[in-house]
Amino acid sequence: MSSFSHIDELLERDGVIVYKTRGVSMRPMLKQNRDLVTVRTFNGRLKKYDVPLYRRKTGGFVLHRIIGVRDDCYIIRGDNTFRKEYVPDSEVIGVLTAFKRKGKDYTVSSSGYKFYARIWNFIYPLRWLLYKGKRIGSKFKRTVFGKKAA
């Protein structure tokens with residue numbers, strides 16, 4: 001979302017922003033350049049499974065899911081990533097409240113969305129094992145059979 005250099009100013013001014021997603025870190029829930037997200041300002045602390053919009057120290061904006069809450073920060077990970085980030089409240093500028101996927105509207109308060117968020121987080125260890133297994137299998141295949149000739 002680097003082209004949205006003033007997204008925090010727009011959010012502060014209007015209290016809400018709607019934009020098309022960029023990147024693949026929130027797949028399968030959100031697909032790049034297809035889905036629209038609605039992000040709003042908020043008051044107070046967020047909770048597990050919320051999806052905050054935050055600004056990294058490098059300046060980029062990120063929309064990832066909270067997988068843990070600490071007194072001093074949130075533990076955050078994208079649905080399609082395997083690395084945790086520790087994000088202080090001061091870096092969070094908004095929270096996902098709704099999204100449009102394949103033309104259908106969803107809110108984060110719907111039971112279907114809540115089910116998805118919890119299940120996707122619950123199966124994380126299995127997803128991680130499959131990811132690692134695929135990487136090991138690919139490396140083994142390259143080692144044993146070599147690279148394909150062009």
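Quick note: residue numbers are just sequence positions, from 1.
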Can I get a per-line list of side-chain donor-acceptor pairs under 3.5 Å for residues 27-42, giving both atom names and the distance, sequence neighbours left out?
{"residue": "Gln32", "atom": "OE1", "partner": "Gly23", "partner atom": "N", "Å": "2.6"}
{"residue": "Asp35", "atom": "OD2", "partner": "Lys31", "partner atom": "N", "Å": "2.5"}

Pairs under 3.5 angstrom only: tabulate donor-acceptor contacts from the side chains of residues 66-78 to other protein residues two or more places apart or in another chain.
{"residue": "Tyr74", "atom": "OH", "partner": "Arg45", "partner atom": "NE", "Å": "3.1"}
{"residue": "Tyr74", "atom": "OH", "partner": "Leu46", "partner atom": "N", "Å": "2.9"}
{"residue": "Tyr74", "atom": "OH", "partner": "Asp89", "partner atom": "OD1", "Å": "2.7"}
{"residue": "Arg77", "atom": "NH2", "partner": "Asn121", "partner atom": "OD1", "Å": "3.4"}

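The salt bridge (Lys or Arg N to Asp or Glu O under 4.0 Å) check on Arg56 picks up Glu85, with sequence neighbours excluded. Partners of Tyr116 according to the ring pair (Phe, Tyr, Trp, His ring centres under 6.0 Å) rule, which considers only residues two or more places apart in sequence or in another chain, are Trp120. When the ring pair (Phe, Tyr, Trp, His ring centres under 6.0 Å) test is applied to Tyr49, no partner is found at least two apart in sequence or on another chain. A search for salt bridge (Lys or Arg N to Asp or Glu O under 4.0 Å) contacts involving Lys100 returns Asp105, not counting sequence neighbours.
The structure places CZ of Arg65 at 12.0 Å from CG of Asn80, a figure rounded to the nearest 0.5 Å. One distance of note links CZ of Arg127 with CG of Asp79; it measures 6.5 Å at 0.5 Å rounding. The line from CD of Glu12 to NE2 of His6 is 13.5 Å long, rounded to the nearest 0.5 Å. Between atom NZ of residue Lys134 and atom NZ of residue Lys141 there is a gap of 11.0 Å, rounded to the nearest 0.5 Å.
Note: Phe99 and Tyr106 have parallel aromatic rings, judged against thresholds of 30 and 60 degrees for the angle between ring planes.
In plain terms, the two heavy atoms of Lys114 and Ser109 that are nearest each other are CE-O, 3.6 Å.
Residues Tyr19 and Leu63 meet the side-chain proximity criterion, which asks for heavy atoms closer than 4.5 Å. Annotation: side chain of Arg55 is in contact with side chain of Asp8 (closest heavy-atom distance under 4.5 Å). Looking at heavy atoms from C-beta onward, Ile136 lies out of side-chain contact with Lys139 at the 4.5 angstrom threshold. Using a 4.5 Å heavy-atom cutoff, the side chains of Leu53 and Phe61 are in contact. Here the side chains of Val87 and Val62 are not in contact, with every heavy-atom distance at 4.5 Å or above.
Tyr113 and Ile123 fall within the same hydrophobic cluster, where Ile, Leu, Val, Met, Phe, Trp and Tyr residues are linked whenever their side-chain heavy atoms come under 4.5 Å apart, directly or through other members. Each of Leu126 and Ile119 belongs to its own hydrophobic cluster when Ile, Leu, Val, Met, Phe, Trp and Tyr are linked at side-chain heavy-atom distances under 4.5 angstrom.
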